[in-house]
Protein chains: 2
Amino acid sequence: MRHTFKPLAREPVYAKVAQAIEQDIVSGALKEGSALPTEGELCEQFGVTRSSVREGIRLLEQAGLIERGAAKRLIVKSPKAAEIAAVASRSLAHGGATFREVWETLAAFYPGAARLAAARLDSKALAALKEAHAQLAKARADDIETIVSGAVDFFQLLAAGLDNRVMLAMLQSLNMMIGASLARIIDAAPNAKKRIADAQGEIIAAIEARDETKAAEWMARHIDDLMRGYKVAKVDPEARIYYGA
Amino acid sequence: MRHTFKPLAREPVYAKVAQAIEQDIVSGALKEGSALPTEGELCEQFGVTRSSVREGIRLLEQAGLIERGAAKRLIVKSPKAAEIAAVASRSLAHGGATFREVWETLAAFYPGAARLAAARLDSKALAALKEAHAQLAKARADDIETIVSGAVDFFQLLAAGLDNRVMLAMLQSLNMMIGASLARIIDAAPNAKKRIADAQGEIIAAIEARDETKAAEWMARHIDDLMRGYKVAKVDPEARIYYGA
DNA sequence: CATATTGCTATTGTCGGACAACCGAATTAG
DNA sequence: CTAATTCGGTTGTCCGACAATAGCAATATG
C-alpha cells in the first residue's frame with residue numbers, strides 16, 4: 001500500500017480573512033469601538049481582493065463582532081445581552097425547540113434567578129417590578145394584551161435587575177420564546193390574570209423581604225401554574241416554537 | 001413647510017438576499033437538508049450579481065442556517081445545540097462576561113437542572129455519568145488535566161441527558177466558559193479532587209434514587225464549593241472570561 | 001462484465017476593474 | 001462667521017474572467 005496523505009486544510013480565503021480579524025479582536029489588539037481599516041486597505045494588507053474581504057466581513061458582521069458605524073467605517077462591537085439573546089433564541093427556534101423544552105428550562109432556571117433576585121435586587125429594580133405589577137393588577141381581566149405584556153415584563157425586569165449579563169442573556173432568550181405563546185394560555189384560562197398577579201405579588205414581597213427561599217418557591221409555583229395553563233389550552237407540548245422575528 | 005418623507009429603508013442587496021432565503025427556510029418552504037439553487041441560479045432569480053449573492057450566503061452561513069454539503073451544493077441546516085452554545089458563549093465572552101457572572105449563573109441554573117436530571121435521566125445517561133465519575137475517582141490527585149476534564153464531563157453529560165435542547169444549549173454555553181478556569185481552581189486547592197469526586201458521587205446517588213431535592217441540594221453545594229476554590233486561587237471575580245476558542 | 005482511469009462539465013473561489021451613491025471634510029459663497 | 005457647494009474617499013453593486021475542484025460520463029483495462 002502506498003503512503004497516504006491527509007487531505008490538507010484548504011480554507012477559503014474569505015474565512016481566513018474573517019479569522020484573522022477576529023483574532024485581533026479577541027486578543028484585544030482591536031478594542032471595542034475602534035475602527036477597522038477600509039476595505040481597500042484590508043485588501044492590500046491581506047493581499048486579496050475586495051470580494052474576498054467583503055465576504056469575510058459579512059461573517060464577522062453576522063457574528064456581531066463588527067458593524068458599520070459613522071462614516072460607514074467598520075467598527076468593533078461588543079454584542080449586548082439582548083442581541084445574544086435574540087440570536088440564541090432564533091437559532092433554538094429554528095433548531096426545532098419545542099414548548100416543552102422551553103418551559104422546562106424556565107422551570108429549572110427561574111427559581112434560581114428569583115433566589116438571586118431576593119439577595120441582589122436594588123430598590124430601583126424592585127420599584128420597577130412593583131410598577132409592572134401595579135399595571136398588571138389594574139388591567140381588566142379581558143385585556144389579554146396588557147396581561148401578557150405585564151407578565152413578560154415581570155420576567156424581563158427581574159432578569160434585568162440581576163446585574164449579570166450572562167444570566168440576562170439566557171433568561172431573555174427564554175422570555176423571547178415564550179412571549180408569543182403566553183397569550184394563548186391566558187386566553188384559555190378564565191382567571192389567569194388573578195393567578196398571575198397573585199403569584200407575582202408574592203414573589204415581589206419575598207424579594208423585598210430578602211427571603212430567598214420563599215422567592216424561589218413562589219417562582220417555581222408561578223411557572224408551574226403557567227405550565228398548567230398549557231394543558232388547559234390544549235397546546236401540544238411537542239409543537240415547535242415559532243420563529244419570533 | 002413642505003411635506004417631508006421619512007428616509008426609506010435602503011437595505012443592502014446582500015442583506016435582502018439573505019433575508020429572502022432565510023424567510024423560505026423558517027417558513028418551511030426549504031426544509032432541512034434540501035439543497036439551494038446554485039449561485040448562478042440565485043443570481044437569475046434575484047436579479048443580482050454573484051458578488052451580492054455570495055455576501056448574502058456568508059451571512060446565512062455564519063448564522064448556521066446553511067452549509068456546503070456534498071457536491072458543493074448549499075444545503076439547509078438546523079443549528080445544533082452545541083453550535084448555538086459555541087456562538088453564545090463566544091459572544092458573551094467577547095461582550096466582557098466576568099467570572100462572577102458565569103459562576104453566579106451556574107449556581108442559579110444547575111441545581112434546577114440536577115433536579116430535572118433526578119426525574120428524567122435514563123439508565124444509559126446515568127451509566128455515562130457513573131463512568132465519568134469512575135474515571136475521575138481513579139485519577140491521581142496531581143493529574144490536573146484528568147480532573148478538570150472529568151469535572152467538566154460530569155456537567156456536560158448531565159446536561160446532555162436531560163432530553164432538552166434548549167437547556168442543553170444554555171448549560172453547554174456555561175460549561176465552555178468555565179472549562180478553562182477550572183484548572184486554576186483545582187491547581188490551587190489541595191484536596192480538590194476528593195471534594196469534586198465526593199460531591200459528584202452524592203449527586204449521582206441522588207439522581208439514581210430519583211431524589212430530586214437531594215440532587216439539587218448537592219449540586220448547589222458542589223458549585224458553592226467550586227466557587228470557594230476561586231477565592232482560594234485568588235482569581236479576580238470581575239476579570240473577564242477569556243475567549244476559549 | 002466489472003472495475004479503474006480519464007476526460008468533460010458545472011460550479012465554486014478568487015481575481016481585477018468599473019461606476020453610481022453616499023459621507024465627511026475642505027472650500028467657496030453669502 | 002455661517003451656509004451652500006465641491007471634492008475626495010469609501011462603500012455597494014455590477015460585470016467579466018479564470019483556475020481549481022467535484023461529480024459524472026465515457027473510456028480503457030483486467
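The chains referred to below are lettered A, B, ... by the order of the sequence lines, with proteins before strands, and numbering in each begins at 1. Just so you know, these numbers come straight off a predicted model, no measurement behind them.
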Task: Summary of protein contacts for nucleotides 13-20 of chain C, nucleotide by nucleotide, where a base hit scores B, a sugar-phosphate-only hit scores S (4.0 Å, heavy atoms) - done: BBBS-B--
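Taking a cutoff of 4.0 Å between a charged side-chain nitrogen and a carboxylate oxygen, B:E61 and B:K77 do not qualify as a salt bridge.
Atom-to-atom, CZ of B:R73 to C1' of D:dG23 comes out at 12 Å; the value is rounded to the nearest Å. To the nearest angstrom, P of C:dA10 lies 12 Å from CD of B:E41. With rounding to whole Å, A:I75 atom CD1 is found 13 Å from D:dT11 atom P. With rounding to whole Å, B:K16 atom NZ is found 12 Å from D:dT13 atom C1'. Computed from coordinates, the A:E44 CD to D:dT10 C1' distance equals 14 Å when rounded to whole Å.
For the pair A:R68 (side chain) and A:R73 (backbone), a donor-acceptor distance under 3.5 Å is absent.
Ring pair B:F109/A:F109 is parallel by interplanar angle, where below 30° counts as parallel and above 60° as perpendicular.
Atom CD of A:E238 has more than 12 neighbouring heavy atoms from other residues, nucleotides or ligands inside a 6.0 Å radius.
Looking at residues two or more places apart in sequence or on another chain, you find a side chain to side chain contact (heavy atoms under 4.5 Å, CB included) between A:Q19 and A:E11.
Atom-to-atom distance recorded for B:R165:CZ and B:Q172:CD is 13.0 Å, nearest 0.5 angstrom.
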